[in-house]
Amino acid sequence: MNFTLEHTCAGSRARAGVLATGHGEVRTPIFMPVGTAASVKGVFHRDLADEVRAQIILANTYHLYLRPGVEVLEEAGGVHRFSSWQGPVLTDSGGFQVFSLAGVRKITEEGCRFASHIDGSKHLFTPESVVDTQRSIGADVMMAFDECPPGDSPRDYAARSLDLTHRWLERCFGRFAATTPKYGHSQALFPIVQGCTYPDLRARSAEFVQQFGAEGYAIGGLAVGEPAPVMYEMIELVNGILPADKPRYLMGVGTPVNLLEAIDRGVDMFDCVMPTRNGRNGMLFTSEGVINIRNEKWRNDFSPIDPAGCCFVDTVYTKAYLRHLAISGEMLAAQIASLHNLAFYLRLVETAREKILDGTFPAWKEQTIQKLSRRL
RNA sequence: GUGGUCAUAGCUCAGUCGGUUAGAGCGUCGGAUUGUGGUUCCGAAGGUCGCGGGUUCGAGCCCCGUUUUCCACC
């Protein structure tokens with residue numbers, strides 16, 4: 001994997017770059033649609049590539065480990081062949097899912113024991129097992145196994161958690177160095193900076209994670225309840241310490257406004273469930289602002305979903321029809337909304353990249369944020 | 001026709017011994033959702049308790065009449 005920093009922008013820390021992977025190039029800044037179970041819910045790969053113009057998607061070690069399981073993935077020849085998605089794939093390690101989805105869990109020095117959210121069966125994730133599983137999945141970018149403490153963790157808990165995450169990180173890279181890819185393409189391992197909202201912990205973590213010579217870095221544990229300005233401060237602080245010549249991935253973020261603010265502070269990669277999950281529940285991000293398509297006011301609105309939209313559903317379907325589908329619980333509603341929202345997100349970061357390259361990002365950002373914040 | 005039975009929110013139903021402002025689920029309307037369980041959570045609107053009389057300090061509840069639902073018998 002190779003990252004080329006193409007351009008930075010005066011009056012901002014925003015960057016444009018190219019991330020070269022074994023499954024093609026990714027132009028940054030980039031948003032990665034979330035495809036938890038090796039599926040971006042409700043969206044065909046064809047549409048993901050042609051309409052959304054996604055360049056890389058995210059899948060989950062936790063989910064794929066539980067279903068279909070490592071054995072099936074290995075027999076299939078990895079997640080690319082299994083799913084037929086031929087672009088790059090990044091897998092989350094399961095650290096976050098173990099803490100947000102699984103049932104009873106116990107964290108020890110060894111790793112984390114947890115109960116499956118599917119059938120309650122007991123499992124153990126360790127830094128080593130999680131690297132092994134991601135080797136079997138064949139992700140282009142693997143993530144380190146971390147603990148994601150609650151956003152309101154007291155300082156002593158945050159500090160202990162961070163030390164554990166750092167010890168786990170050493171073990172992740174130990175296993176990473178001792179193993180090789182299984183399917184002929186290279187795999188990178190990104191460490192994750194933690195530290196909650198404590199500046200000294202964040203700084204310590206951003207220093208610590210650099211000792212492994214990783215090919216990219218992630219910022220985790222944000223957008224977990226803290227105010228947005230605090231999140232921006234943490235991003236600024238961490239990005240001031242991380243190496244400039246490697247990609248930076250802000251995990252799990254965020255709203256369109258969050259993306260622009262983070263890009264402005266030097267973030268290159270994002271993922272978030274918001275465009276798909278919120279889309280399934282009727283929330284649409286459009287060039288005019290945010291709309292809840294279930295609202296009664298769209299009942300007789302036969303205008304296109306988004307006249308300025310960039311994918312086919314935006315002009316083929318009307319708001320009234322999409323509202324009808326959403327209210328009726330039709331699966332097509334979820335498909336249309338997911339496709340639209342993802343296309344909107346990808347167009348947003350694509351435009352941000354253009355503005356960085358031509359040096360007009362700061363002004364464009366301010367003016368775009370005004371529009372994106374509107375509720376229609 | 002006779003005897004019984006039912007009627008409470010848009011729908012399906014609770015409602016204690018007759019006692020404060022008649023409740024729930026679903027639906028409707030609005031809000032939330034940030035490394036995804038097509039999830040979950042929060043809030044609001046919505047009632048002449050079939051109708052008309054009566055008893056009582058007080059009736060969704062008791063009595064009479066009437067209409068309606070369903071059942072049995074003729």
Side-chain angles (χ1 to χ4, degrees), chain A residues 31-43 56-64 66-67 89-103 115-120 130 134 139 141-149 151 165 190-194 217-228 230-232 235 248-259 261-262 267 269-283 285 290-299 323 325-338 341-342 345 375:
Chain A
F31 178 81
M32 303 180 281
V34 175
T36 299
S39 154
V40 177
K41 294 183 196 301
V43 183
I56 173 173
I57 65 174
L58 179 144
N60 281 93
T61 302
Y62 170 87
H63 297 264
L64 293 177
L66 291 175
R67 270 193 315 218
V89 173
L90 178 149
T91 44
D92 193 9
S93 66
F96 184 83
Q97 288 69 40
V98 161
F99 300 104
S100 65
L101 294 179
S116 159
H117 72 284
I118 298 167
D119 61 6
V130 157
Q134 292 180 98
V141 179
M142 315 193 293
M143 299 304 301
F145 190 56
D146 63 336
E147 186 191 352
C148 189
T165 287
F190 285 15
I192 303 171
V193 173
Q194 289 288 353
Y217 296 88
I219 306 171
L222 291 177
V224 287
E226 80 285 359
V230 174
M231 172 170 80
Y232 300 147
I235 294 168
R248 302 156 179 168
Y249 162 33
L250 178 60
M251 305 187 77
V253 176
T255 66
V257 171
N258 289 160
L259 261 56
E261 294 290 3
V267 173
M269 303 166 69
F270 302 88
D271 80 279
C272 190
V273 302
M274 193 169 282
T276 39
R277 180 199 278 162
N278 289 27
R280 286 197 299 278
N281 289 299
M283 186 173 180
F285 300 94
V290 179
I291 76 179
N292 181 350
I293 199 64
R294 300 177 66 99
N295 286 3
E296 192 163 31
K297 63 181 169 188
W298 309 117
R299 190 163 66 97
R323 174 178 192 271
L325 295 177
I327 295 285
S328 306
E330 288 291 329
M331 65 172 89
L332 184 57
Q335 294 180 267
I336 292 171
S338 297
N341 280 346
L342 287 175
Y345 266 61
R375 286 201 70 92

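- Aromatic ring pairs are classed by plane angle as parallel below 30°, tilted from 30° to 60° and perpendicular above 60°; the pair A/Y62 and A/H117 is parallel.
- Counting any heavy atom pair closer than 4.0 Å across all strands shown, A/N295 reaches sugar-phosphate atoms only and no base atom.
- Of the C1' atoms belonging to B/U48 and B/G52, the separation is 13 Å, rounded to the nearest Å.
- Atom P of nucleotide B/G35 and atom CE of A/M32 are separated by 11 Å, given to the nearest angstrom.
- Checking B/G35, B/G38, B/A32 against the side-chain heavy atoms of A/R280 singles out B/G38 as nearest.
- A heavy-atom distance below 4.5 Å is found between the side chains of A/I327 and A/R294.
- Separation of the P atoms belonging to B/C49 and B/A9 is 10 Å when rounded to the nearest angstrom.
- For A/T36 (side chain) and A/N60 (main-chain N/O), no donor-acceptor pair under 3.5 Å exists by modelled atom type.
- Spacing of C1' atoms, B/G10 relative to B/G47, comes out at 12 Å, to the nearest Å.
- Taking atom C1' on both B/U5 and B/C41, the two are 43 Å apart, rounded to the nearest angstrom.
- The C1' atoms of B/G31 and B/A45 are separated by 14 Å, rounded to the nearest whole Å.
- Atom CG in A/N341 sits about 13 Å away from atom C1' in B/U33, given to the nearest Å.
- Checked against A/L222 for a side chain to side chain contact (heavy atoms under 4.5 Å, CB included), the options A/V230, A/I235, A/V193 give a single hit: A/I235.
- Separating the NZ atom of A/K41 from the P atom of B/U33 is a distance of 20 Å, rounded to the nearest angstrom.
- For A/K297 and A/H63, each mapped to the nucleotide of RNA chain B holding its nearest heavy atom, the one lying further toward the 5' end belongs to A/K297.
- Comparing atom distances between the A/A334 side chain and each of B/G38, B/C29, B/U33 picks out B/G38 as nearest.
- Closest to the side chain of A/A223, out of B/G35, B/U34, B/G30, is B/U34.
- Nucleic acid contact for A/R299: none, since no nucleic acid atom lies under 4.0 Å from a heavy atom of the residue.
- Taking 3.5 Å as the limit, the base of B/U34 and the side chain of A/D271 contain no donor-acceptor pair of atoms between them.
- Across B/G50 and B/U67, the matching C1' atoms stand 8 Å from one another, rounded to whole Å.
- Among the protein residues, A/I192 comes within range of the nucleic acid bases, having at least one heavy atom under 4.0 Å from a base atom.
- One interatomic measurement links the two molecules: OH of A/Y232 to P of B/U34, which rounds to 15 Å at whole-angstrom precision.
- Projected onto RNA chain B by closest heavy-atom contact, A/I118 and A/M231 fall at different nucleotides, the more 5' of which corresponds to A/M231.
- Nucleotides B/U56 and B/C17 have their C1' atoms positioned 15 Å apart, rounded to a whole Å.
- Taking atom C1' in both B/C11 and B/C71, the straight-line distance is 24 Å, to the nearest Å.
- Using a 4.0 Å heavy-atom distance criterion, A/M143 is classed as making no nucleic acid contact.
- Residue A/D146 places a side-chain atom within donor-acceptor reach of the base of B/G35, judged by atom type and a 3.5 Å distance cut-off alone.
- As judged by a 4.0 angstrom heavy-atom cut-off over every strand, A/N281 is placed among the base-contacting residues.
- For A/V253, whose side chain is taken as the heavy atoms from C-beta onward, the closest listed nucleotide among B/U40, B/G30, B/U34 is B/U34.
- Taking only distance into account, the side chain of A/Q194 meets the base of B/G35 through a donor-acceptor pair shorter than 3.5 Å.
- Using a distance-only test at 3.5 Å, with no hydrogens or angles considered, a donor-acceptor pair links the side chain of A/T276 to the main chain of A/V273.
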>> Please determine whether side chain to side chain donor-acceptor pair (under 3.5 Å) holds for the pair A/Q194 and A/T165, giving the CA-CA distance in whole Å, both sets of side-chain angles, and the decisive distance to 0.1 Å.
In response: CA-CA 8 Å; A/Q194 289 288 353; A/T165 287; 5.8 Å; no

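- Comparing B/G38, B/U34, B/C29 by their nearest atom to the side chain of A/C272 picks out B/U34.
- Here the side chain of A/T255 is nearest to one of B/U28, B/G35, B/U34, namely B/U34.
- Look at A/R294 and you won't find any side-chain N or O under 4.0 angstrom from OP1 or OP2 of B/G27.
- With A/L90 as reference, A/I56 is the one residue of A/I57, A/I56, A/D271 to meet the side chain to side chain contact (heavy atoms under 4.5 Å, CB included) rule.
- Heavy atoms of A/G221 sit under 4.0 angstrom from at least one base atom.
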